[in-house]
Amino acid sequence: MPADTLRQARHAGHVAIIMDGNGRWATNRGWPRLVGHRKGAERVKEIVRAAPDLGIEWLTLYAFSTENWKRSTEEVLGLMAIFARYIQREADAMAAEGVRMRFIGDRSRLAPRLQRLMSGIEARTAHLRRLNLTVAINYGGRDEIIRALRSLAQEAAEGRFDPADLTEAAFSTRLDTHDLPDPDLVIRTSGETRTSNFLPWQAAYAEYEFTETLWPDFAPADLQAILARFGNRERRFGGVQR
């Protein structure tokens, strides 16, 4: 039997998702955009519950980017209220299901109450391991890199870091994702084919999948189908498959 037929399917232990299309889903139905965001939050619950059974150990979701502040005040405030409500309502369920929740992004611009809710659920679920759920709020890849560079520059100015010691590994420890593995697979819903400043450093060697499905319609079966396709891809990381 040829060796390639014996090759085991690739496993996507860390899946990152750009959850796009909530507003469009609502607009297509003649509803306010926030209705779509609320429907999208319901979809998050379904995907989080399905992820462990699909072999996913790490799930990272892009919820709100540094560029999303450009949206209307009504939509931004509505989104922040949805985030707070989600954390409050899902805290017990996530703890019961063994989901560790954490957040990446610049929290300084977020309301103090939301920051407290985020810190609270992080502390409450820190010991859980069935699924590592990371939510990116006020996150932008370039912003993250600039913040990491500022940290390194400050350490160097204070004599606590020698620039000669700068390596990829050392830089990675200053990123928001310092305790996360790099994603194996990045999925974007809604038909857009750009990465929108999401994990540019971490996803340098990730596989990408773009689907026409809008996020509120993205079911666990869709995720399962994408994972099956991922399993047949060859990931050479710059090398040659032998």
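What you see is a predicted model; the values in this text were computed from it and never measured.
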Once ring pair (Phe, Tyr, Trp, His ring centres under 6.0 Å) is applied, what residue pairs with a partner in residues 80-138 remain, sequence neighbours excluded? none
Decide yes or no for Asp217 and Glu212: does some side-chain heavy atom of the first lie under 4.5 Å from some side-chain heavy atom of the second? no
Can you list the steps and then say if Lys45 with Arg89 is a side chain to side chain contact (heavy atoms under 4.5 Å, CB included)? CA-CA 11 Å; Lys45 291 192 288 187; Arg89 292 183 177 179; over 6 Å; no
Non-hydrogen side-chain atoms of Arg33 and Ser72 separated by less than 4.5 Å: no
Show your reasoning for whether side chain to side chain contact (heavy atoms under 4.5 Å, CB included) applies to Gln224 and Asp53. CA-CA 10 Å; Gln224 184 175 22; Asp53 292 334; over 6 Å; no
Other residues, nucleotides, ligands: >12 heavy atoms within 6.0 Å of Glu192 CD: yes
Identify, with sequence neighbours excluded, every residue that meets side-chain hydrogen bond (donor to acceptor under 3.5 Å, both in side chains) alongside Thr211. Thr213
Decide whether Val44 and Phe218 are clustered together by the hydrophobic rule: side chain heavy atoms of Ile, Leu, Val, Met, Phe, Trp, Tyr closer than 4.5 Å, transitively. yes
To the nearest 0.5 Å, atom CD of Gln88 lies from atom CG of Leu114 at 9.5 Å
Please check if the side chain of Ser119 supplies one atom and the backbone of Arg116 the other of a donor-acceptor pair under 3.5 Å. no
Where is the tightest heavy-atom contact between Arg100 and Thr125, given as atom of each residue plus distance? CG-O, 3.3 Å
Side chain to side chain, Pro183 and Val15, heavy atoms closer than 4.5 Å: no
Less than 4.5 Å apart, side chain to side chain, heavy atoms only: is that true for Arg188 and Arg194? yes
Could you check whether any side-chain N or O of Asp182 sits under 3.5 Å from a backbone N or O of Tyr205, counting only pairs where one atom can act as donor and the other as acceptor? no
Atom pairs and distances, side-chain donor-acceptor, residues 55-62, under 3.5 Å, sequence neighbours left out:
unit_1, atom_1, unit_2, atom_2, d
Thr60, OG1, His14, NE2, 2.8
Tyr62, OH, Tyr139, O, 3.1
Tyr62, OH, Ser196, O, 3.2

Considering non-hydrogen atoms only, spot the tightest contact between Leu117 and Ala84 and give its length. CD1-CB, 3.7 Å
Any chance you could measure Ile47, atom CD1, to Glu42, atom CD, to the nearest 0.5 Å? 12.5 Å
May I ask you to check whether over 12 heavy atoms, not counting those of Glu168, lie within 6.0 Å of atom CD? no
Could you tell me if the side chain of Val186 sits less than 4.5 Å from the side chain of Tyr208, heavy atoms only? yes
May I ask you to decide whether Arg142 forms a salt bridge with Glu67, counting only side-chain N to carboxylate O separations under 4.0 Å? no
Answer with yes or no whether the hydrophobic clustering places Ile18 together with Val48; edges join I, L, V, M, F, W, Y residues whose side-chain heavy atoms lie under 4.5 Å apart. no
Taking the side chain from Thr195 and the backbone from Phe198, do they hold a donor-acceptor pair closer than 3.5 Å? no
Do Ile104 and Ile146 belong to the same hydrophobic cluster, where Ile, Leu, Val, Met, Phe, Trp and Tyr are linked whenever their side-chain heavy atoms lie under 4.5 Å apart, directly or via other members? no
So do the side chains of Asn22 and Arg43 get within less than 4.5 Å of each other, counting heavy atoms only? no
Please give me the minimum heavy-atom distance between Arg102 and Glu122, naming the atom from each residue. CA-OE2, 3.4 Å
Report yes if some heavy atom in the side chain of Val35 is under 4.5 Å from a heavy atom in the side chain of Lys39; otherwise report no. no
Report yes or no: do Trp69 and Asn138 form a side-chain donor-acceptor pair below 3.5 Å? yes
Asn68 and Ala63: which non-hydrogen atoms are nearest, and at how many Å? OD1-O, 4.4 Å
Count I, L, V, M, F, W, Y as connected when their side-chain heavy atoms are under 4.5 Å apart, and connections chain through other members. Are Ile226 and Leu199 then in the same cluster? no
Could you give the distance from CG (Asp143) to OG (Ser65), rounded to the nearest 0.5 Å? 10.5 Å
Which heavy atom of Asp92 sits nearest to which heavy atom of Arg124, and what is that distance? OD1-NH2, 2.6 Å
Quick check: is Leu185 connected to Val135 through a chain of hydrophobic side chains (ILVMFWY, heavy atoms under 4.5 Å apart)? yes
Measure the CG-CD distance between Leu131 and Glu97 for me, rounded to the nearest 0.5 Å. 9.5 Å
Locate the shortest heavy-atom distance separating Trp215 from Gly40; write the atom from each residue and the value. NE1-O, 3.0 Å
Flag if over 12 foreign heavy atoms under 6.0 Å of CZ, Arg29: yes
Lys/Arg cation over aromatic Phe161: Arg174, 6.0 Å, 45° cone: yes
Do Met118 and Leu110 have side-chain heavy atoms sitting under 4.5 Å apart? yes
Look up atom CG in Asp222 and atom CG in Leu227, then write down how far apart they are to the nearest 0.5 Å. 11.0 Å
Rounded distance (nearest 0.5 Å) linking atom CD1 of Ile82 with atom CD1 of Ile87: 12.5 Å
